[in-house]
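Heads up: numbering here begins at 1 and tracks the sequence.
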Amino acid sequence: MVGIKGQAKEMIARDIQEAMDNFNHFTVNVYVDNTSKIKAVPGLIHWFEVEYHWLNALHKCDVLWTNTDFGVGG
């Protein structure tokens, strides 16, 4: 999960590296505001989009940029 209030860029970078090093496949979910009290941080999400756009080209990674990317929800 990326873009949640309280996250730091360093946390995200470490999580991505851990996933790359330890899993054959992983999914990154970009947080979208919903009815919960947890809120998205647009600046952090923008940073992730710029810094980690290359994840889209990795076969071992799925990035859910929106909550309907797998065809669920809406």
Side-chain angles (χ1 to χ4, degrees):
M1 189 78 61
V2 169
I4 299 172
K5 185 177 179 182
Q7 266 184 330
K9 294 175 183 177
E10 297 80 14
M11 293 168 68
I12 295 167
R14 184 179 60 241
D15 289 347
I16 296 293
Q17 191 60 56
E18 286 288 327
M20 298 272 298
D21 292 345
N22 294 292
F23 297 101
N24 293 328
H25 188 268
F26 63 98
T27 302
V28 179
N29 186 356
V30 177
Y31 189 74
V32 175
D33 280 333
N34 54 48
T35 58
S36 75
K37 293 181 181 181
I38 301 169
K39 296 302 173 198
V41 180
L44 189 59
I45 292 170
H46 177 73
W47 167 83
F48 176 78
E49 290 173 344
V50 171
E51 189 72 21
Y52 287 98
H53 68 278
W54 55 269
L55 287 174
N56 287 321
L58 285 184
H59 295 292
K60 71 185 287 176
C61 179
D62 290 315
V63 180
L64 280 69
W65 294 102
T66 64
N67 59 347
T68 57
D69 278 349
F70 280 166
V72 178

Could you tell me whether the side chain of Leu44 reaches within less than 4.5 Å of the side chain of Lys9, counting heavy atoms only? yes

Same cluster for Phe26 and Val63 if Ile/Leu/Val/Met/Phe/Trp/Tyr side chains link at under 4.5 Å? yes

Is the closest side-chain heavy-atom distance between Ile12 and Trp47 below 4.5 Å? yes

What are the two closest heavy atoms between Cys61 and Val28, and how far apart are they? SG-CG2, 4.2 Å

Answer whether the closest heavy-atom distance between the side chains of Asp62 and His25 falls below 4.5 Å. yes

Which residue, Tyr31, Trp65, Trp54, forms the ring pair (Phe, Tyr, Trp, His ring centres under 6.0 Å) with Phe48? Trp65

Is the backbone N or O of Gly3 less than 3.5 Å from a side-chain atom of Gln7, with the two atoms forming a donor-acceptor pair by type? yes

Approximate separation, where rounding is to 0.5 Å, of Glu51 CD and His46 NE2: 11.0 Å

Do Val41 and Ile45 share a hydrophobic cluster, counting only Ile, Leu, Val, Met, Phe, Trp and Tyr and linking them when any side-chain heavy atoms are less than 4.5 Å apart? yes

Hey, does Ile38 have a side-chain heavy atom less than 4.5 Å from the side chain of Lys5? no

Look up atom CG in Leu58 and atom OH in Tyr52, then write down how far apart they are to the nearest 0.5 Å. 11.5 Å

In terms of hydrophobic clusters joined by side-chain contacts under 4.5 Å, are Val30 and Met20 together? yes

NE2-CG distance between His59 and Asn24, expressed to the nearest 0.5 angstrom: 14.0 Å

Heavy-atom nearest pair, Ile16 first then Leu55, reads CD1-CD1, 4.0 Å

